[in-house]
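Start at 1 with the first residue, then count along the sequence.
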Amino acid sequence: MTQALRLGIAGLGTVGVGVVRIIRRQADLLAARTGRRIEIVAVSARDADKDRGVSLSGYAWETDPVALAKRDDIDIFVELMGGSEGAAKDATEAALASGKDVVTANKALLAVHGQALAEQAEAAGRVIRFEAAVAGGIPVIKALTEGLAGNGITRVMGVMNGTCNYILTRMESQGLGYNALFDECAKLGYLEADPNLDVGGIDAAHKLTLLASIAYGTRPNFDGIEVEGIQRIELEDIRQASDMGYRIKLLGVAQRSPRGLEQRMQPCLVPADSPLGQLEGGTNMVVVEGDAVEQIVLRGPGAGEGPTASAVLGDICDLARGLHIPTFGQPADTLEAAQPARTGLPAPYYLRTALLDKPGALAKVAAILGEAGISIDRMRQYGHTNSTAPVLIVTHKTTRAALDEALSALKETDVVALEPVALRIEEL
Ligand code: NAP
Ligand code: HSE
């Protein structure tokens, strides 16, 4: 058998411990599949005394992950600490500089520094693998870079933050409000240390950045993503959407058109009977559309010890087999700067607001939409209180720019009692 593949693992939290467990449990299976023993040589975390529920005997302990990354008795540096800056970045750079391949689950690091790290890796003849960084246990990076390599990708989209999908589906199934479910997620430990990464859409946007780069051969461009979280979604929106045959999802879409590359992560209405509409709880789904394959749908657990460690092991096994694919599927110096679309592709929009219940209020809203070139498909006034009237409008296809113009004009009127909630209706 070929020489063992030697790992240094930095980060022994949820994912790191999961990786250690699989390597200990499946040592023979991994060796049979790859033709090499996969061995952990050294590990690192902040607290050397913490009981992690798994034996670390036989592994050297490094207090400093950079020192671990530089050890000359490891072949692969496995970065499972997280964060776009600090230890994760320093140690990844040190590993590449000292001739190690890197496996990471860190979407934040690659969304922000992916281009520079990919260039550094290629200059050193090394690779960075990151299957676990996008949609946890779903092997979507492998699907895009390998199985779908023969396709021009027309659209890639998905629900890639399990916490948001858990909140949105429980709002509908339990009739609970956003705040109650946010508190429930905090108690269950579902939220990132900074919860805005989840509910603000940033974590999912990091993941979309990486998918878009592979799909379109562009440099990872997190700043080019239009990001909006789920914090403003109310039970009323969930109910109204459901009445019309839709579900609300935090949906990421990357789509290239003659206008440029459109990348957005925002709550959208999707048909309730579509695969995305039927996605429940913390599960993730990625939909890829290619000019040859048409549409494929990948569904699975997007987080948690087992699923995420499974993806990390997939990368380690590929390296053990000698598979070396450039970080974003093609050489880093061939990735083009993304040309962001100046205006997004038109779509119908859902608008919910409340108007002061006085003569001419509805007419003013209709006139403002008309002046912005927006045609109304459906409009409903319902559930009056003493002084205000909730109003629901579904527009025909329009651009976000036209909608923004109308929303600004609505703000200036004296009839709008509730800042409108405006959600794109995504056609699938
Ligand atoms: P975690 O449970 O918070 O564990 C982080 C680990 O990193 C801990 O063991 C911590 O040490 C160690 N660490 C942090 N800073 C360090 C430093 N400066 N030096 C040495 N060790 C340090 O995180 P996780 O959930 O396993 O996530 C790890 C990575 O996987 C992140 O990039 C995350 O985004 C990604 N990911 C996670 C999931 C998931 O389901 N959890 C899914 C997909 C991707 P101590 O234990 O001593 O504090
Ligand atoms: N916070 C993320 C989620 C974890 O809820 O999907 C996986 O990246």
Side-chain angles (χ1 to χ4, degrees), residues 107 134-136 138 140 155-178 181-182 184-185 190-191 195-209 211-212 225-255 262-289 295-303 344-345 347-352 392 394 400 421-428:
K107 57 260 173 176
V134 182
I138 303 177
V140 61
R155 181 164 63 165
V156 56
M157 61 189 159
V159 167
M160 293 177 280
N161 184 275
T163 305
C164 288
N165 204 51
Y166 178 86
I167 291 176
L168 293 171
T169 50
R170 283 199 38 101
M171 282 174 87
E172 179 162 1
S173 64
Q174 305 298 308
L176 294 170
Y178 170 83
L181 285 162
F182 180 91
E184 183 180 311
C185 283
Y190 287 0
L191 293 167
N196 192 43
L197 290 175
D198 285 314
V199 296
I202 299 161
D203 166 78
H206 284 148
K207 296 167 183 166
L208 185 68
T209 303
L211 292 185
I225 300 192
E226 196 186 319
V227 187
E228 190 187 324
I230 63 166
Q231 302 97 323
R232 281 206 66 211
I233 303 296
E234 292 188 10
L235 210 44
E236 186 60 13
D237 299 306
I238 302 278
R239 288 194 188 116
Q240 294 297 338
S242 172
D243 271 4
M244 294 188 294
Y246 291 101
R247 295 253 155 74
I248 298 178
K249 298 286 167 197
L250 178 66
L251 185 70
V253 180
Q255 186 166 18
E262 201 177 321
Q263 298 183 85
R264 52 193 141 75
M265 179 59 66
Q266 56 193 188
C268 290
L269 272 66
V270 299
D273 60 1
S274 64
L276 282 164
Q278 289 178 3
L279 190 70
E280 299 282 334
T283 312
N284 281 197
M285 182 174 282
V286 182
V287 179
V288 185
E289 293 169 352
Q295 187 184 75
I296 64 158
V297 177
L298 301 165
R299 177 185 183 281
L345 289 164
Y349 278 84
Y350 158 106
L351 287 180
R352 182 176 63 82
L392 181 70
V394 176
R400 182 73 213 194
V421 174
L423 302 173
R424 186 180 166 102
I425 302 179
E426 191 70 33
E427 297 182 324
L428 302 175

Under the rule for salt bridge (Lys or Arg N to Asp or Glu O under 4.0 Å), what residues qualify as partners of Glu280, not counting sequence neighbours?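 Here no residue qualifies.
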
Listed partners of Asp237 passing salt bridge (Lys or Arg N to Asp or Glu O under 4.0 Å), at least two apart: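 Asp237: salt bridge (Lys or Arg N to Asp or Glu O under 4.0 Å) contacts with Arg352.
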
According to salt bridge (Lys or Arg N to Asp or Glu O under 4.0 Å), does anything in residues 155-167 pair up with another residue at least two apart or in another chain? List the pairs.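 The answer is Arg155-Glu289, Arg155-Glu426.
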
Provide the closest heavy-atom pair for [X] versus [Y] in the form atom of the first, atom of the second, distance.
X      : Y      : result
Phe182 : Pro195 : CZ-CB, 3.6 Å
Ile248 : Pro267 : CG2-CB, 4.2 Å
Ile138 : Gly300 : CD1-N, 3.3 Å
Ala205 : Val227 : CB-CG2, 3.8 Å
Ala135 : Val286 : CB-CG2, 4.1 Å
Gly201 : Met265 : O-CG, 3.6 Å

Would you say the side-chain atoms of Thr169 pair up with the backbone N or O of Gly281, donor to acceptor, closer than 3.5 Å?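 Side chain of Thr169 to backbone of Gly281, a donor-acceptor pair under 3.5 Å: yes, one is there.
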
What pairs with [X] under side-chain contact (heavy atoms from CB on, under 4.5 Å), at least two apart in sequence or on another chain?
X      : result
Pro301 : Pro307
Glu172 : Ile238, Ser242, Arg247
Arg299 : Leu279, Thr283, Met285
Leu235 : Met171, Arg239

Apply side chain to side chain donor-acceptor pair (under 3.5 Å) to [X] and list each qualifying residue two or more places apart in sequence or on a separate chain.
X      : answer
Tyr166 : Arg170, Glu184
Glu228 : none
Asn196 : Gln231
Asp203 : Lys107, Asn161, Lys207

Side chains of [X] and [Y]: closer than 4.5 Å at any heavy-atom pair?
X      : Y      : result
Met244 : Leu269 : yes
Ile167 : Tyr178 : yes
Leu351 : Val421 : no
Arg264 : Arg424 : yes
Met160 : Leu211 : yes
Leu428 : Pro271 : yes

Salt bridge check, Glu234 against Arg232: does any charged N sit closer than 4.0 Å to a carboxylate O?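 No salt bridge links Arg232 with Glu234.
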
Given side-chain contact (heavy atoms from CB on, under 4.5 Å), test Val159 with Leu250 step by step and report yes or no. CA-CA 6 Å; Val159 167; Leu250 178 66; 6.0 Å; no

Value rounded to 0.5 Å, distance of CD1 in Ile230 from SG in Cys164: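 That separation rounds to 4.0 Å.
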
To the nearest 0.5 angstrom, please state how far the CG atom of Leu208 sits from the CD1 atom of Ile225.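 Here the interatomic distance stands at 4.5 Å.
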
Let me see the working for Gln295 and Val288 under side-chain contact (heavy atoms from CB on, under 4.5 Å), right down to the final yes or no. CA-CA 6 Å; Gln295 187 184 75; Val288 185; over 6 Å; no

So Leu423 and Ile233, side-chain contact (heavy atoms from CB on, under 4.5 Å) or not? Walk me through it. CA-CA 10 Å; Leu423 302 173; Ile233 303 296; 3.9 Å; yes

Between Tyr350 and Gln240, does the side-chain contact (heavy atoms from CB on, under 4.5 Å) criterion hold? Intermediate values first, please. CA-CA 10 Å; Tyr350 158 106; Gln240 294 297 338; 3.7 Å; yes

Scan residues 265-279 for pairs that pass side chain to side chain donor-acceptor pair (under 3.5 Å), counting only residues two or more places apart or in two chains.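 Sorted pair list: Glu226-Gln266.
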
How about Tyr349: does its OH atom have over 12 heavy atoms from other parts shown lying under 6.0 Å from it?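 Yes, OH of Tyr349 has more than 12 neighbouring heavy atoms, counting only those of other groups under 6.0 Å.
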
